[in-house]
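Below is one structure, written out as structure tokens; the observations come after it.
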Amino acid sequence: MKSRPSHAPSPSAKKSAGRSRRAGSHIPVAEAEAALVEHYPRLVRLAYLALPAATGRHRRVLLAHRLAQRSLRVALNSAAGEVVYPLLRREVLRGALAGGRQNGRLRAALAGAGLPQVVGLRLHPRAGGGDELALDRALAALPAAARAAYGLLGVEGLDERAARDVLAEAGADDPRGAVRTAAAVDNDHRLLAAGEFDPCTVQVRPTDLLRRRQRARAGLAAAAAVAVGGVLLAVATAGGSPQPYGSAGPPGSAAAAAQALDPAALVRASPQAWTATARLDFTAWPARGNRATDSALLRRALAVWAHPAASVQVTATPGTPRTAPSQPPQLLYAGDVDAATVVVFYDGLRLVRYAQARSGGGGAAALDFAQVEGADITTAAAVVLDRVDGNTRFLTAPWVADAAGRDLLRPDTPAVPLHRAADGTTDPVRMPGAGAASGTCGTTWPALQLRSSGKVAEQHSFLLTDLGDLTPVHLTFTPPPAPGDTPRAPREATGAQALASWAHGACRLGELRGQGVRSVNDWQFARMVLPEGAGSAAWTCDRADTWRGPGRATVQFLPPGAPAAAPGTLAGQQADGSACSRFSPHVMAGVMWKSPAGRWYLLAAGSRDVTAITSNLATASGRTLAVPAPRGTRTQLSARTTSGLVLHPLGGD
């Protein structure tokens, strides 16, 4: 028998919710309000899980509370005799799913809801551990209905049939598919009880505190206090208790803001912290650089971060807030690099790099923000310190034992050792595309090949490449499964097969510059024997995931005999979705191909679970199709999987 999660509805709660109603046409106000207050934390948590991750944590918290409070209207207008809690839950999910389909519909649905409103502050649930962060990223890649299904299975403790029924009542488009997708997420439902997914226990941070104080100190402070009071009242009503801060004041107070700008309060990890922790990310980086103790420099960098002048060049990766520090950040580096002086901070969610001319005079300062939430041993392995004259200089993590450079367009050329200074700073590395004509890849695509130290984990090598952000992008590879094998997980792209495949996909990486990309996986999802004995061709899907959540997929056809550095034929693209990820592990694509004898064919292939491919020219059983077709033929392709799922080429109908 399946045990009931600790956070599922108690039998007594169900019994009380289902007792007979008093006579009358509608549910009494007191009874509806009592049900809302009793189950408020669960309702808000369900709404938070189902709302779009791209909305941002602050807005998701507010919308989750609004949806829960607004559900009371539906209960009050329902007939007496109905069970109140299912009505509240259905309405909460209906609103959250509407937000997942179209934000405009959600705004319209919430018009007039009124509470809560927050001015000048940002709210977000408390950060969890590695498991919670992994689950949060996994859920962010799911459709809204699948996230809602995961909440019903985990928060509510429903079985799959009951979850489908609730989703259908809430207006989900494909309840069965949503539950199936949610059930496939390999995580422990008990993680949903963590603070990471609890919008009733929030942390408060300011937005632009210093600027607000200059403009309207008294007025906005009063508005912020009223807003926070409203939110805390809602939390208290739900059974939560705000944390006492005593004489220090709550986060975001003037005292906290002043401390955040004090160089003496900067967080500094010990030089050996990385050898005694299971969390290998930026929190384990010690402060390095020849000016790490220069208080004047650090004070100036913090002041510019908090209140950049108009002359400061400010950039940020998409989705990264440019807000001032709300608490003392961690210092990662402060030193002179080439012609610049650079300071790098980490605040738990972002990297912030301040740079000024090394001479201290002339030229504008620069401030760069990048989101790095959930970084790990590979994605926190290097940071860009400086770019000049088409070259990049990196600072490597303390757990990096060796560094080398290699050219992705020359997979057979061995990696060349890369010199690093004692503090982990590398020699200049050529930037991908530097010196190439506009719109072209150039003749080389440099990448870093790093090897981790055996002091923290089993030694392994991995590839990173510079796409214009503060952190280089992690490159991985997934080979096709052999017949009868289970699907394979992404692996490091340092083997011969991986490098040969990446040689055809490297040039398309340039399309991802400056987009806040975290990692790119090259998945060789199919191989097929070509007609006329022309050899074997490969089909790949390159999946790029960003730090903020959304991803991009590009499908290529790689004919035999193509030059190592030649990009494959583009066969499909998805700009924003879950294609080619572990949450959408099915893909198919087709291209027109000319044989060596000059005859044209329509070719198509699908991933491992595809059982048949259909076009208006022919149907083929199995994972591949090859049919003669006149040049320029346009056809509709579809495929069917073992589970009955119908696939279409990415970017198609």
Side-chain angles (χ1 to χ4, degrees), residues 141 143 174 177 180-181 184 476-490 497-498 501 504-505 508 520-531 534-544 551-560 562 567-575 577-593 595 600-629 633-653:
D174 180 15
R180 187 167 55 242
T181 300
T476 57
F477 174 70
T478 304
D485 281 0
T486 57
R488 298 181 179 179
Q497 185 184 16
S501 186
H504 297 289
R508 295 196 189 277
V520 185
N521 180 54
D522 180 68
W523 174 30
Q524 197 171 110
F525 65 87
R527 295 194 68 88
M528 69 181 298
V529 177
L530 298 176
S536 177
W539 299 77
T540 66
C541 184
D542 289 353
R543 167 77 188 181
R552 175 175 176 172
T554 302
V555 177
Q556 292 190 126
F557 168 73
L558 307 175
T569 301
L570 183 64
Q573 284 186 312
Q574 185 185 70
S578 59
C580 301
S581 72
R582 67 189 183 99
F583 305 107
S584 184
H586 309 293
V587 65
M588 66 88 62
V591 296
M592 294 298 297
W593 172 76
S595 73
W600 286 90
Y601 289 83
L602 170 66
L603 305 179
S607 50
R608 68 185 305 271
D609 288 334
V610 168
T611 58
I613 298 177
T614 301
S615 75
N616 55 352
L617 300 177
T619 296
S621 60
R623 298 171 53 198
T624 62
L625 176 147
V627 58
T633 296
R634 294 184 178 275
T635 182
Q636 298 293 319
L637 283 170
S638 64
R640 187 172 294 274
T641 69
T642 54
S643 64
L645 182 68
V646 177
L647 305 176
H648 297 281
L650 297 186
D653 297 330

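Each residue takes its place number in the sequence, starting with 1.
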query: Do Leu603 and Leu530 have side chains that get closer than 4.5 Å, going by heavy atoms?
result: yes
Residue pair Gln556, Arg508: steps toward the side-chain contact (heavy atoms from CB on, under 4.5 Å) verdict: CA-CA 10 Å; Gln556 292 190 126; Arg508 295 196 189 277; 2.4 Å; yes
message: When you compare the side chain of Pro649 with that of Met588, does any pair of heavy atoms fall below 4.5 Å?
response: yes
- prompt: Going by atom types alone, do Ser643 and Thr641 pair a side-chain donor with an acceptor below 3.5 Å?
  reply: yes
query: Could you go step by step and tell me if Ser638 and Ile613 meet the side-chain contact (heavy atoms from CB on, under 4.5 Å) rule?
result: CA-CA 6 Å; Ser638 64; Ile613 298 177; over 6 Å; no
- request: Any chance you could lay out the side-chain contact (heavy atoms from CB on, under 4.5 Å) test for Trp600 and Met592, step after step, and finish with the verdict?
  value: CA-CA 7 Å; Trp600 286 90; Met592 294 298 297; 4.2 Å; yes
Contact check, side chains of Trp539 and Met528, non-hydrogen atoms, under 4.5 Å: yes
query: So, do Pro585 and Phe525 sit near enough that their side-chain heavy atoms are less than 4.5 Å apart?
result: no
- prompt: Would you say Phe477 and Gln497 make side-chain contact, with heavy atoms under 4.5 Å?
  reply: yes
- prompt: What's the shortest heavy-atom distance between Gly606 and Ala526, and which atoms?
  reply: O-CB, 3.6 Å
field: Stepwise side-chain contact (heavy atoms from CB on, under 4.5 Å) test for Thr478 and Gln524
entry: CA-CA 6 Å; Thr478 304; Gln524 197 171 110; over 6 Å; no
message: Is the shortest side-chain heavy-atom distance between Arg543 and Arg552 below 4.5 Å?
response: no
- request: Side-chain contact test, heavy atoms from C-beta onward, threshold under 4.5 Å: evaluate it for Leu602 versus Thr635 and give yes or no.
  value: yes
statement: Heavy-atom closest pair (Pro560 atom, Ser536 atom, distance to 0.1 Å) is CB-O, 3.4 Å
- request: List for me each residue that meets side chain to side chain donor-acceptor pair (under 3.5 Å) alongside Arg640, sequence neighbours excluded, and say none if there are none.
  value: none
task: Give a yes or no on whether the backbone of Ala579 and the side-chain of Gln574 come within a donor-acceptor separation of less than 3.5 Å.
output: yes
- prompt: Is the backbone of Ala618 close enough, under 3.5 Å, to the side chain of Ser615 for a donor and an acceptor to pair up by distance?
  reply: yes
message: Quick check: closest heavy atoms across Gly568 and Leu558, and the distance to 0.1 Å?
response: CA-CD2, 3.4 Å
- prompt: Cut-off 3.5 Å, side chains only: do Asp542 and Thr554 have a donor facing an acceptor?
  reply: no
- request: Considering non-hydrogen atoms only, spot the tightest contact between Ala537 and Pro559 and give its length.
  value: CB-CA, 4.2 Å
- prompt: Side chain of Thr540, backbone of Trp523: donor and acceptor closer than 3.5 Å?
  reply: no
- line: Interatomic distance, CG@Leu645 vs OG@Ser584, rounded to 0.5 Å, equals 8.0 Å
- prompt: Looking only at heavy atoms, which two atoms of Val610 and Arg623 are closest? And how far apart?
  reply: O-CG, 3.3 Å
task: Using a 4.5 Å cut-off on heavy atoms from C-beta on, say whether the side chain of Gln573 contacts that of Val555.
output: no
message: Restricting to non-hydrogen atoms, name the atom on Leu617 and the atom on Ala629 that form the minimum distance, rounded to 0.1 Å.
response: CD1-CB, 3.7 Å
